[in-house]
Amino acid sequence: MASPRSGEDWLDPLPFLRGTAWLDGPRAVRADPASLGVLPWDVSERAALPIGVRLEFTAGPGTRAVELRYRARVPEPEERLRDVAHSFALWREGRCLTETSGEPNDGEAVVTLPLPAGREGGGAYTVHPPESQAPVVLGIRAVGGEVRPAPPRPRWVVHGDSITEGWWATRPAHAWPAVAGRALGLDTVNLGYAGSARGELPVAQQLATLPASLLTLAWGTNCWEPVPTSAPLMYEVTRAFLTLVRRGHPDTPLLVLSPLLRPAAESTANALGATLADLRRAMEEAVRDLRAEGDRRLALLPGLPVLACEHLADGLHPNDAGHARIAAAVADAVRAHGFLQAPAAA
């Protein structure tokens, strides 16, 4: 608990962090630091970014603001979106209340997030940091009241590619795993790795070690390119990946979202002769076969109907409306399969 400010009343941020998979010292990372040697370099590189990591806290009615002390990369003057590079978004009850930017000097700064005045100042809040600058929160404290870590929620581990990582959502809180997590009342752990998520079996082994109340796998478009995969190989890789995940999660509800719409790839063969439609069918067949063989806690959400062309920002990655549609489809599927009770949105 933080009471009215004194000179050095910073709290350890760790109890406030959510969306964490592993820690490397004070940094939240998205791959096991002890096992990086077996991962492809692109997975290791993307795993260093704290995608989906956030802070959740409750504030007493007298709390006027919360302060965060953090360290992060300072963007270069010519960088695109420099003005929002250190923007921290404060959310409550499913909506953004405010965005406040820090001004780091030599990479370290304090940002102050004002809370609503009056009785509305109490309650539960979420802070979404600026993911791309790899921020490390060093401390948290209240202004004029107290803050406590929010109660824990069931943990949802989501693995996928750049679409799961959040490309091209305009803010971290708009990425589909974040949106669906709010709707389902879950602690979303985002293990989306842009450019990869091609069924790498070491990733499946790491997923098997992570505690989770729900698992979702949403990959496959990068198996069309840049690393071409044939349809028979896609079938076998999907089965192998799920088999390894099941070694650590024999009974955990597991939802597979097959590849989403990618117009340029749907009927165009890759270097091994497979279209994205072929790869999607192979993945879906593998999931259905495993269900038929007795995995009753495994479910499939076909990806093709989820989006239309107008939901794509660049022909591949969803815009905010597309991310919202994916989130709604995933949340509906989780509820329809009875995988979790659905508490009210946070």
Side-chain angles (χ1 to χ4, degrees), residues 13-14 16-56 70-73 126-138 152-169 171-181 186-222 241 244-245 248-249 252 254-255 257 317 323 326-327 330:
L14 183 58
F16 296 84
L17 288 181
R18 301 293 183 268
T20 56
W22 293 273
L23 293 173
D24 185 7
R27 295 191 309 128
V29 294
R30 299 183 302 125
D32 185 352
S35 302
L36 293 180
V38 301
L39 295 174
W41 71 268
D42 50 1
V43 174
S44 298
E45 182 181 69
R46 299 307 299 181
L49 291 176
I51 304 297
V53 176
R54 60 208 181 276
L55 296 99
E56 295 186 355
Y70 73 98
R71 181 174 65 248
R73 189 182 72 84
T126 299
V127 177
H128 291 271
E131 298 169 340
S132 63
Q133 309 308 314
V136 177
V137 179
L138 304 173
R153 302 174 185 271
R155 196 182 207 201
W156 178 30
V157 175
V158 185
H159 169 57
D161 48 35
S162 57
I163 298 170
T164 297
E165 199 179 80
W167 294 29
W168 292 112
R171 295 293 188 274
H174 297 164
W176 74 259
V179 177
L186 299 174
D187 176 11
T188 305
V189 177
N190 188 324
L191 301 185
Y193 307 124
S196 55
R198 302 174 292 262
E200 298 88 348
L201 299 186
V203 173
Q205 291 176 300
Q206 292 203 1
L207 292 176
T209 69
L210 280 175
S213 298
L214 173 68
L215 293 156
T216 296
L217 309 178
W219 51 270
T221 195
N222 289 333
F241 196 98
L244 288 175
V245 172
H249 293 281
T252 304
L254 199 166
L255 177 69
L257 172 62
H317 301 97
H323 277 281
I326 301 168
V330 169

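All figures in this text were calculated on a predicted structure; none of them were measured in a lab. Here, residue 1 is the first one in the sequence, and each next residue gets the next number.
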Mind listing the closest non-hydrogen atom pair of [X] and [Y] along with its distance?
X	Y	result
Pro129	Pro172	O-CG, 3.9 Å
Asn190	Pro177	ND2-CG, 3.7 Å
Ser196	Val43	OG-CG2, 3.5 Å
Val157	Ala212	CG2-CB, 3.7 Å
Ala72	Pro135	CB-CA, 3.8 Å
Glu165	Gly192	OE2-O, 3.0 Å

* Can you tell me if Glu131 uses its side chain to pair, donor with acceptor, with the backbone of Gly52 under 3.5 Å? ->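 Side chain of Glu131 to backbone of Gly52, a donor-acceptor pair under 3.5 Å: yes, one is there.
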Can you tell me how far the [atom1] atom of [X] sits from the [atom2] atom of [Y], to the nearest 0.5 Å?
X	Y	atom1	atom2	result
Arg18	Arg153	CZ	CZ	8.5 Å
Thr20	Leu210	OG1	CG	9.5 Å
Leu14	Leu55	CG	CG	10.0 Å
Arg155	Leu186	CZ	CG	12.0 Å
Arg30	Gln206	CZ	CD	11.5 Å
Leu255	Leu217	CG	CG	8.5 Å

* In terms of the angle between their ring planes, are His159 and Phe241 parallel, tilted or perpendicular, with boundaries placed at 30° and 60°? ->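 Plane angle under 30°, so parallel.
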* **Full working for side chain to side chain contact (heavy atoms under 4.5 Å, CB included) between Leu138 and Arg71** => CA-CA 7 Å; Leu138 304 173; Arg71 181 174 65 248; 3.6 Å; yes
With side chains defined as the heavy atoms from C-beta onward, is the minimum distance between [X] and [Y] less than 4.5 Å?
X	Y	value
Val203	Trp219	no
Ile163	Ile326	yes
Val137	Phe16	no
Thr209	Asp32	no

* Asked: Would you call Asp187-Arg54 a salt bridge at under 4.0 Å N-O?
  ->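 Yes.
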* **Residue among Val38, Leu39, Leu244 satisfying side-chain contact (heavy atoms from CB on, under 4.5 Å) with Gln205** =>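 Only match with Gln205 under side-chain contact (heavy atoms from CB on, under 4.5 Å): Leu244.
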